[in-house]
Each structure stands twice: as C-alpha cells, then as structure tokens.
Amino acid sequence: MRIDAIELTAFGPFAGRHLDFGQGTEGVHVVFGANEAGKSSALRAIRDALFGIPARSNDNFLHPYDALRIGFSLRSADGRRFSAIRL
C-alpha cells in the first residue's frame with residue numbers, strides 16, 4: 001500500500017489543506033520548504049492518519065483535540081483504493 005493523498009482538514013497549523021502523493025510511479029517524494037512551513041506537522045499527520053492520533057497530541061494548538069481530522073487515501077499495488085478519515 002502507498003499513500004495517495006492526505007487531507008489535512010484540521011491538524012496542527014493546517015485547515016483544509018490537501019497533499020497529493022499520487023503522481024509518479026517511484027513512490028519517492030521530496031517535501032521541502034522554509035522553516036516553520038509545516039513539513040514536520042505534515043509528516044506527523046501521515047503517521048497519525050495511519051496509526052492513530054495520540055491522546056496527548058501536540059498538534060492541537062490551532063484546533064481543539066476533539067476537532068482534529070485527517071483524511072487519507074491509500075492505493076494497493078493492484079490499483080485498489082481505500083479512503084478514510086481519522087478523528
């Protein structure tokens with residue numbers, strides 16, 4: 001399985017941001033940006049989407065803990081897709 005997209009609905013400094021990783025065939029993406037641009041927050045969002053948002057998340061500074069939302073889409077090697085929203 002690979003991540004196709006992450007929808008940062010309400011997470012860390014993000015509200016309504018979409019990250020598309022579905023392009024290309026190699027599965028390697030380079031994310032770059034200025035300091036404090038949200039690169040580490042986006043990486044934590046991917047981890048939390050896959051494994052759950054910790055009860056004591058530090059990413060609730062803009063959105064209250066009970067409002068944190070991460071949507072994500074996974075694609076298997078045979079092209080099947082799975083989408084969900086992590087609360």
Side-chain angles (χ1 to χ4, degrees):
M1 298 290 272
R2 65 181 261 185
I3 294 177
D4 257 353
I6 293 285
E7 186 70 37
L8 300 168
T9 306
F11 188 85
F14 301 107
R17 297 298 300 246
H18 178 81
L19 302 176
D20 183 3
F21 297 108
Q23 301 298 316
T25 57
E26 300 304 317
V28 174
H29 297 275
V30 176
V31 177
F32 65 95
N35 289 343
E36 300 298 318
K39 300 177 299 294
S40 296
S41 294
L43 181 60
R44 283 192 306 277
I46 292 170
R47 180 199 62 203
D48 291 356
L50 295 174
F51 301 107
I53 300 171
R56 295 186 179 192
S57 174
N58 291 328
D59 289 297
N60 66 341
F61 53 89
L62 183 61
H63 312 282
Y65 179 78
D66 61 348
L68 295 178
R69 302 283 184 276
I70 309 165
F72 62 101
S73 176
L74 302 173
R75 183 174 51 182
S76 66
D78 64 3
R80 290 180 297 145
R81 291 194 175 186
F82 171 79
S83 296
I85 298 174
R86 180 71 74 173
L87 308 176

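Residues His63 and Ala15 approach most closely at CE1-CB, 3.8 Å, considering heavy atoms. Between Thr9 and Gly71, the shortest heavy-atom distance links the atoms OG1-N, 4.5 Å. The two residues Phe14 and Gly38 come nearest to each other via the heavy atoms CZ-O, 3.5 Å. Shortest non-hydrogen contact noted between Arg69 and Asp66 is NH1-O, 3.1 Å. Nearest heavy-atom pair, His29 versus Arg2, reported as atom, atom and distance to 0.1 Å: NE2-NH2, 4.3 Å. Among all heavy-atom pairs drawn from Leu19 and Ala42, the shortest one is CD1-CB, 3.9 Å.
Taken to the nearest 0.5 Å, the OG atom of Ser41 stands 10.0 Å off from the CG atom of Asn58. Annotation: the span from Ile70 atom CD1 to Arg86 atom CZ amounts to 8.0 Å, rounded to 0.5 Å. Between the CG atom of Leu62 and the CZ atom of Phe11 there is a distance of 11.5 Å, given to the nearest 0.5 Å. Distance check, rounded to the nearest 0.5 Å: CZ of Phe21 to CD1 of Ile6 gives 7.0 Å. Here the straight-line distance linking atom OG of Ser83 with atom CD of Glu7 works out to 10.5 Å at 0.5 Å rounding.
By the side chain to side chain contact (heavy atoms under 4.5 Å, CB included) test, Phe61 pairs with Pro13, Asp59, sequence neighbours left out. With sequence neighbours left out, Leu74 forms a side chain to side chain contact (heavy atoms under 4.5 Å, CB included) with Met1, Ile3, Leu50, Phe72, Phe82. Residues that satisfy the side chain to side chain contact (heavy atoms under 4.5 Å, CB included) test with Asp78, not counting sequence neighbours, are Ser76, Arg80.
Tested against Leu68, the residues Asp48, Leu87, Asn60 include a single side chain to side chain contact (heavy atoms under 4.5 Å, CB included) partner, Asn60.
Using modelled atom types, no side-chain atom of Lys39 and backbone atom of Val31 make a donor-acceptor pair closer than 3.5 Å.
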(request) Check step by step if side-chain contact (heavy atoms from CB on, under 4.5 Å) holds for His18 and Leu8. (result) CA-CA 6 Å; His18 178 81; Leu8 300 168; over 6 Å; no
